[in-house]
Amino acid sequence: MCGRYAASRGPEDLAGIFEIEKWEPEEAYESDFNVAPTKEVYAVLDRPVKDAGDPRPVRQLRKLKWGLVPSWAKTPEGAARMINARAETVHEKPSYRRAFAARRCIVPADGYYEWVTGAGERELEVEGKKKRPRKQPYFVTPADGGVFAMAGLYEFWRDRTLPDDHPQGWWVTCSVITTEAEVAPLGVAPEGGPRSLADIHPRMPLMLTPDRWDAWLDPGRTEVDDVRALLSAPPEGLMRAYPVSTAVSNVRNNGPELLKELDGPEDVTLF
């Protein structure tokens, strides 16, 4: 799954990477090393510019709220539970299928965090001696230091409790698509740690390689089977994973120190 990630690149960097044509320079941007559900996040999308009089899709960097609210929802409650959409079923689930057909985006990240429960901790939990086992966080990131382009969906939701001209009358929300975690060896594996992403968690965010960005973002590509073909896993061996401080487990903690690589997992019985 993807429940927490880091995003440190600013609009200028992202504009160069994704060939973005439009963003709002006046929007305050701060690097976020502990992005959590319901936070505002940056996403790349292709869409005509409102009131521009030009139907041509323009590549934009937009600020969205993480946690998708379907357009037909009566309230935004439950958005925090809709941060991920499964690649295997996204095309048929009522909450996601419309967005999958026409409103796809890329959520840029440095990488994502995932937690592993130590073997000793799991045994104590099974024996009833420990209710909440301690977990070791790992940071998963492209081995070449490039951007982690997570496949996403976005949707518009109208808050009918507010007047038509209210600035918060429309919500724009998003979800990250996940897929089965790779079982092949990591491109760079930590000593004494997991050998594959599947050793950490059975799911992972779907990373789009640059050759798929244009097709994924194209709003004119609406044939379901055509779009589903873009959901195949990226080539194996592109990722690295390393242990980081448990400080990232508290969403109030935020800063580049969260990405510092530990010499090894705090629980040596993890693997």
Side-chain angles (χ1 to χ4, degrees), residues 1-11 14-15 17-18 20 22-24 27 29-32 34-50 57-73 75-87 89-91 93-113 147-159 168-179 203-208 212-219 221-222 227 230-231 251:
M1 63 176 294
C2 178
R4 209 79 67 79
Y5 69 91
S8 66
R9 291 176 172 83
L14 295 175
I17 294 170
F18 292 101
I20 292 167
K22 183 181 184 300
W23 74 90
E24 301 300 334
E27 284 187 347
Y29 178 87
E30 294 183 4
S31 296
D32 194 336
N34 204 352
V35 182
T38 73
K39 276 190 173 183
E40 286 194 324
V41 302
Y42 274 104
V44 180
L45 55 91
D46 283 5
R47 187 176 181 83
V49 176
K50 186 179 180 181
V58 173
R59 184 152 301 175
Q60 306 175 43
L61 184 66
R62 297 279 294 271
K63 190 177 284 189
L64 315 180
K65 185 182 288 286
W66 188 19
L68 190 139
V69 180
S71 60
W72 43 261
T75 73
E77 294 178 9
R81 297 191 301 272
M82 300 186 67
I83 59 172
N84 293 157
R86 295 175 69 92
T89 58
V90 64
H91 65 288
K93 293 293 184 181
S95 297
Y96 300 120
R97 60 190 180 196
R98 291 182 182 176
F100 180 69
R103 287 179 290 280
R104 298 178 298 275
C105 64
I106 291 174
V107 181
D110 301 327
Y112 70 98
Y113 300 101
V147 65
F148 194 122
M150 300 189 292
L153 310 172
Y154 70 97
E155 189 58 277
F156 294 91
W157 181 76
R158 176 72 171 90
D159 187 347
Q168 276 85 50
W170 283 95
W171 290 34
V172 191
T173 61
C174 65
S175 184
V176 171
I177 295 178
T178 65
T179 188
R203 307 288 298 178
M204 63 175 286
L206 177 63
M207 186 179 79
L208 297 172
R212 297 186 187 179
W213 292 352
D214 288 346
W216 178 255
L217 295 174
D218 182 3
R221 188 182 293 259
T222 59
V227 179
L230 301 173
L231 295 176
V251 71

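Note that the coordinates shown come from a computational prediction; the quantities given were computed from them, not determined experimentally.
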Would you say the side-chain atoms of [X] pair up with the backbone N or O of [Y], donor to acceptor, closer than 3.5 Å?
| X | Y | answer |
| --- | --- | --- |
| D32 | A7 | no |
| K39 | N34 | yes |
| S175 | I83 | yes |
| D46 | P57 | no |
| T179 | L206 | no |
| R212 | L230 | yes |

- Is the number of heavy atoms from other residues, nucleotides or ligands within 6.0 Å of CZ (R158) greater than 12? yes
Check [X] against [Y] and note the closest heavy-atom contact, atom names and distance.
| X | Y | value |
| --- | --- | --- |
| A87 | R203 | N-NH2, 4.0 Å |
| V147 | I17 | CG1-CG2, 4.0 Å |
| I106 | W216 | CG1-CD1, 4.0 Å |
| I20 | L14 | CD1-O, 3.6 Å |
| W23 | P11 | NE1-CB, 3.6 Å |
| L64 | A43 | CD1-CB, 3.5 Å |

Measuring from atom [atom1] of [X] to atom [atom2] of [Y], what distance do you get when rounded to the nearest 0.5 angstrom?
| X | Y | atom1 | atom2 | answer |
| --- | --- | --- | --- | --- |
| Y96 | I177 | OH | CD1 | 9.5 Å |
| E40 | K65 | CD | NZ | 6.0 Å |
| L208 | F148 | CG | CZ | 9.0 Å |
| L153 | L45 | CG | CG | 11.5 Å |
| K22 | R62 | NZ | CZ | 7.0 Å |
| Y112 | M207 | OH | CE | 10.0 Å |

Does some side-chain heavy atom of [Y] sit less than 4.5 Å from a side-chain heavy atom of [X]?
| X | Y | value |
| --- | --- | --- |
| Y154 | R47 | yes |
| W72 | R98 | yes |
| P37 | W66 | yes |
| P108 | R9 | no |

- L217 pairs by side-chain contact (heavy atoms from CB on, under 4.5 Å) with which of R104, Q60, R59? R59
- Message: The criterion is salt bridge (Lys or Arg N to Asp or Glu O under 4.0 Å); which residues satisfy it with K93, sequence neighbours excluded?
- Response: none
- Query: When the ring planes of F18 and W213 are compared, do they come out parallel, tilted or perpendicular, using 30° and 60° as the limits?
  - Reply: tilted
